[in-house]
Amino acid sequence: MIVPRFTQDRCVILSDGGVESLLACAMASEQQQISGNERSVLLPGWWEGTQEIDLMISAVDPAVVRHAGVYGLEVFPQHAVFPPERVETDLQSESQSNIGPIQSQILLEAALIAMRSGIRRVVWPVRVIRPETTSVMVGFVDQIAIAVDRAVLASRLASLDADQSTAVDVVIETPFVDLSNEQMWDLAGDMALPIETCWWHDGRTLPNGQERYAYWSRLSMRSQTQIEAKNRSGNLV
């Protein structure tokens with residue numbers, strides 16, 4: 001099983017309330033216990049296409065709070081990085097030419113929030129392949145490169161405004177960007193992620209909500225089947 005590298009420092013986790021964000025919370029909590037660092041902080045946001053940004057916010061915000069509660073993390077009380085309403089028409093298209101500039105704006109804002117809070121790491125748990133797609137990873141090489149470049153350039157731009165007296169700059173990391181759906185399934189199962197806390201569990205009527213719910217619910221069924229099979233095997237010994 002591939003285990004992505006995750007920062008050992010206190011970090012800001014840009015969270016959309018999905019499974020990838022939940023995995024970032026689990027790994028941040030694990031690193032926190034090992035290092036004894038202060039708790040990492042969740043920053044609610046959304047960086048995919050959607051036709052109903054207001055409805056998405058109403059589903060994502062509670063999910064972010066739930067994730068923080070499960071793993072003993074914090075949530076920024078006054079900050080979020082959702083796209084402004086005026087760009088909602090751009091978000092209705094899945095075209096990278098429409099979503100890309102919005103993602104850049106969100107990443108820059110997240111980096112500035114982290115830097116002003118004295119935190120040097122931002123985790124963007126983006127994954128270029130979506131759960132509902134059946135495409136293979138080889139077709140996403142260019143998108144992976146673009147996402148990584150976007151994170152690097154946004155962090156560099158934010159760092160231009162770093163306070164020189166404290167030398168606090170910021171780095172945006174993308175630890176899950178190239179993970180396949182199968183790898184995410186394995187990680188979610190092995191780390192026993194409480195996927196019922198994700199945004200789509202209470203928002204199945206939202207865009208992509210039903211697809212995400214159906215996809216990730218199969219993970220719970222598969223995990224239960226594996227547990228039952230293991231128990232039967234143990235009883236036969």
Side-chain angles (χ1 to χ4, degrees), residues 1-7 11 13-31 45-50 56 60 63-64 67 70-71 93-97 99-100 103 106-107 121-152 154 171-201 203-204 206-227 229-230:
M1 181 188 69
I2 294 178
V3 178
R5 295 184 62 182
F6 198 89
T7 178
C11 63
I13 299 173
L14 185 55
S15 175
D16 65 353
V19 176
E20 292 81 6
S21 298
L22 183 59
L23 176 60
C25 290
M27 298 185 76
S29 178
E30 186 177 78
Q31 291 296 340
W46 187 258
W47 51 86
E48 293 185 20
T50 182
M56 290 306 309
V60 169
V64 172
H67 290 178
V70 169
Y71 290 105
S93 170
E94 302 245 338
S95 169
Q96 189 63 36
S97 62
I99 298 177
Q103 290 180 342
I106 288 172
L107 290 177
R121 291 286 186 274
V122 174
V123 173
W124 182 28
V126 65
R127 206 163 53 91
V128 298
I129 190 168
R130 297 193 179 178
E132 56 266 29
T133 184
T134 57
S135 303
V136 296
M137 282 302 299
V138 68
F140 290 86
V141 174
D142 289 342
Q143 291 185 36
I144 291 171
I146 290 172
V148 172
D149 286 346
R150 192 181 307 282
V152 170
V171 175
I172 302 175
E173 301 180 356
T174 54
F176 314 140
V177 66
D178 59 348
L179 293 184
S180 67
N181 286 334
E182 292 75 16
Q183 289 168 333
M184 273 301 301
W185 267 48
D186 288 341
L187 284 167
D190 288 344
M191 299 195 71
L193 297 183
I195 59 175
E196 69 278 1
T197 60
C198 293
W199 71 264
W200 37 257
H201 196 270
R204 278 169 270 171
L206 296 176
N208 292 334
Q210 187 62 46
E211 291 84 353
R212 300 288 169 92
Y213 178 82
Y215 180 85
W216 290 109
S217 293
R218 295 203 306 272
L219 174 63
S220 296
M221 296 174 60
R222 187 181 74 164
S223 298
Q224 184 60 37
T225 300
Q226 290 174 338
I227 292 173
K230 184 181 295 185

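Bear in mind that the values here come from a model prediction, so they are computed numbers and not experimental data.
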Practice task
Using a 4.5 Å cut-off on heavy atoms from C-beta on, say whether the side chain of Leu23 contacts that of Met184.
Solution key: yes
Practice task
Any chance you could measure Ser180, atom OG, to Asp186, atom CG, to the nearest 0.5 Å?
Solution key: 8.0 Å
Handout entry: Interatomic distance, Glu20 atom CD to Ile13 atom CD1 [nearest 0.5 angstrom]
Key = 13.0 Å
Practice task
Indicate the ring-plane relationship of Phe6 and Phe176, choosing parallel, tilted or perpendicular according to the 30° and 60° boundaries.
Solution key: parallel
Problem - Expected output: side-chain Arg121 to main-chain Glu173 donor-acceptor under 3.5 Å - result: no
Exercise for the section: Check whether any side-chain heavy atom of Val3 sits under 4.5 Å from a side-chain heavy atom of Asp190, and report yes or no. Expected result: no
Exercise for the section: Calculate, to the nearest 0.5 Å, the distance between atoms CE and CH2 belonging to Met56 and Trp199 respectively. Expected result: 4.0 Å
Fill in the blank from the handout: Closest heavy-atom pair, Met191 versus Ala26, reported as atoms and distance to 0.1 Å, is CE-CB, 3.9 Å
Problem - Approximate separation, where rounding is to 0.5 Å, of Trp200 CH2 and Tyr215 OH - result: 11.0 Å
Practice task
Return the minimal non-hydrogen interatomic distance between Val60 and Gly45, and the atom names on each side.
Solution key: CG1-O, 3.9 Å
Completion exercise
Nearest heavy-atom approach of Ala188 to Val19 is CB-CG1, 4.4 Å
Practice task
For the residue pair His67 and Cys198, establish whether any side-chain heavy-atom pair is separated by less than 4.5 Å.
Solution key: yes
Handout entry: Check: Trp124 main-chain N/O paired with Thr174 side-chain donor or acceptor under 3.5 Å
Key = no
Exercise for the section: Check whether any side-chain heavy atom of Pro4 lies under 4.5 Å from a side-chain heavy atom of Met27, and answer yes or no. Expected result: yes
Exercise for the section: For Gln103 and Trp47, indicate whether the former's side chain and the latter's backbone hold a donor-acceptor pair under 3.5 Å. Expected result: yes
Problem - Derivation and outcome, side chain to side chain contact (heavy atoms under 4.5 Å, CB included), residues Trp216 and His201 - result: CA-CA 10 Å; Trp216 290 109; His201 196 270; over 6 Å; no
Practice task
Could you tell me whether the side chain of Gln143 and the main chain of Phe140 form a donor-acceptor pair under 3.5 Å?
Solution key: no
Exercise for the section: Starting at CD of Glu196, measure out to CG of Leu22 and round the result to the nearest 0.5 Å. Expected result: 8.5 Å
Practice task
Working to the nearest 0.5 Å, report the span between CG of Leu179 and CG of Leu187.
Solution key: 6.5 Å
Handout entry: Residue pair Asp178 / Val128, side-chain heavy-atom distance below 4.5 Å
Key = no
Exercise for the section: Would you mind reporting whether Ile172 and Leu14 have side-chain heavy atoms less than 4.5 Å apart? Expected result: no
